[in-house]
Amino acid sequence: MSTEAANFSPAGGGNGGGNGGSDAPPPVILSHVSLGTNRFEEAVAFYDRVLATLGVGRVMDLSAQRAVAYGRAFPEFWVQAPCDGQRAQAANGVHVAFLAASPQQVQAFHAAALAAGGTDDGAPGPRPHYGPQYWGCFVRDLDGHKIEAMAWLPAA
């Protein structure tokens with residue numbers, strides 16, 4: 001676990017993205033996203049490999065409880081077995097997008113996902129319908145969840 005993650009505090013302390021007790025809102029709107037998996041060990045290996053292309057790694061490992069959290073500084077993305085003991089399901093119309101620093105990272109994410117057993121759902125490239133500076137790709141993970149890597153290109 002990173003030092004930043006060890007200092008994470010849901011009350012806003014540390015580097016966890018909280019507001020440190022201020023009335024000002026934090027710079028992000030989400031705390032975290034969780035995806036359920038029916039193949040915990042395989043899913044964690046998939047995300048270890050794929051998210052590393054974006055400089056993202058494990059920040060909390062609760063494998064004994066069948067949950068792992070990823071982030072750059074604090075737990076933003078969780079992969080876990082469903083808490084209710086039922087099978088995980090991929091939802092139609094839902095996807096999780098990971099922010100990349102460049103089109104090269106988007107391409108590396110896509111290649112790593114396919115190499116790790118994911119399936120292509122949209123090759124890396126511009127997505128002008130999202131804006132002229134949007135560059136992204138889509139893949140399906142081992143459980144069928146739609147995930148994306150995207151980068152904002154510099155203004156022309």
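This chain uses plain numbering: 1 for the first residue, then up along the sequence.
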Working to the nearest 0.5 Å, report the span between [atom1] of [X] and [atom2] of [Y].
{"X": "W152", "Y": "S102", "atom1": "CH2", "atom2": "OG", "value": "15.0 Å"}
{"X": "L54", "Y": "Q105", "atom1": "CG", "atom2": "CD", "value": "5.5 Å"}
{"X": "M60", "Y": "F74", "atom1": "CE", "atom2": "CZ", "value": "12.5 Å"}

Search all heavy atoms of [X] against all heavy atoms of [Y] and return the closest pair with its distance.
{"X": "R49", "Y": "A115", "result": "NH2-CB, 3.2 Å"}
{"X": "L153", "Y": "P103", "result": "CD2-CG, 3.3 Å"}
{"X": "V139", "Y": "A113", "result": "CG2-CB, 3.8 Å"}
{"X": "D143", "Y": "A43", "result": "OD2-CB, 4.3 Å"}
{"X": "R127", "Y": "C137", "result": "NH2-CA, 3.8 Å"}
{"X": "A108", "Y": "T53", "result": "O-CG2, 3.7 Å"}

Taking the side chain as C-beta and beyond, is there a heavy-atom pair between [X] and [Y] under 4.5 Å?
{"X": "K146", "Y": "F138", "answer": "yes"}
{"X": "M150", "Y": "F109", "answer": "no"}
{"X": "V44", "Y": "S63", "answer": "no"}
{"X": "Q80", "Y": "S34", "answer": "yes"}
{"X": "F40", "Y": "V68", "answer": "yes"}
{"X": "F98", "Y": "V50", "answer": "no"}

Are the side chain of [X] and the backbone N or O of [Y] linked by a donor-acceptor pair below 3.5 Å?
{"X": "N38", "Y": "A88", "value": "yes"}
{"X": "R72", "Y": "V56", "value": "no"}
{"X": "H145", "Y": "V96", "value": "no"}
{"X": "R66", "Y": "T37", "value": "no"}
{"X": "D141", "Y": "I147", "value": "no"}

| task | Measure up the F77 and Y70 rings against each other and bin them: parallel (under 30°), tilted (30 to 60°), perpendicular (over 60°). | result |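 Ring orientation of F77 relative to Y70: tilted.
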| message | For the CD atom on Q133, are there more than 12 heavy atoms of other groups (residues, nucleotides or ligands in this structure) within a distance under 6.0 Å? | response |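 Atom CD in Q133 is packed in, count exceeds 12.
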| request: Indicate yes or no: does R58 engage D48 in a salt bridge with an N to O separation below 4.0 Å. | output: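 Result for this pair is yes, salt bridge flagged.
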| message | For the residue pair E148 / H95, report whether a side-chain donor-acceptor contact shorter than 3.5 Å exists. | response |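 Per modelled atom types, H95 and E148 side chains form a pair under 3.5 Å.
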| query | Can you tell me if D120 and H110 form a side-chain donor-acceptor pair at under 3.5 Å? | reply |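 Checked: D120/H110 side chains pair up, N/O donor to acceptor below 3.5 Å.
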Consider only side-chain heavy atoms of I, L, V, M, F, W and Y, link residues closer than 4.5 Å, and tell whether [X] and [Y] are in one cluster.
{"X": "L99", "Y": "Y134", "result": "yes"}
{"X": "Y47", "Y": "L30", "result": "yes"}
{"X": "L114", "Y": "L142", "result": "yes"}

| request: Evaluate side chain to side chain contact (heavy atoms under 4.5 Å, CB included) for E41 paired with F46, printing each intermediate quantity in order. | output: CA-CA 9 Å; E41 290 80 10; F46 174 88; over 6 Å; no
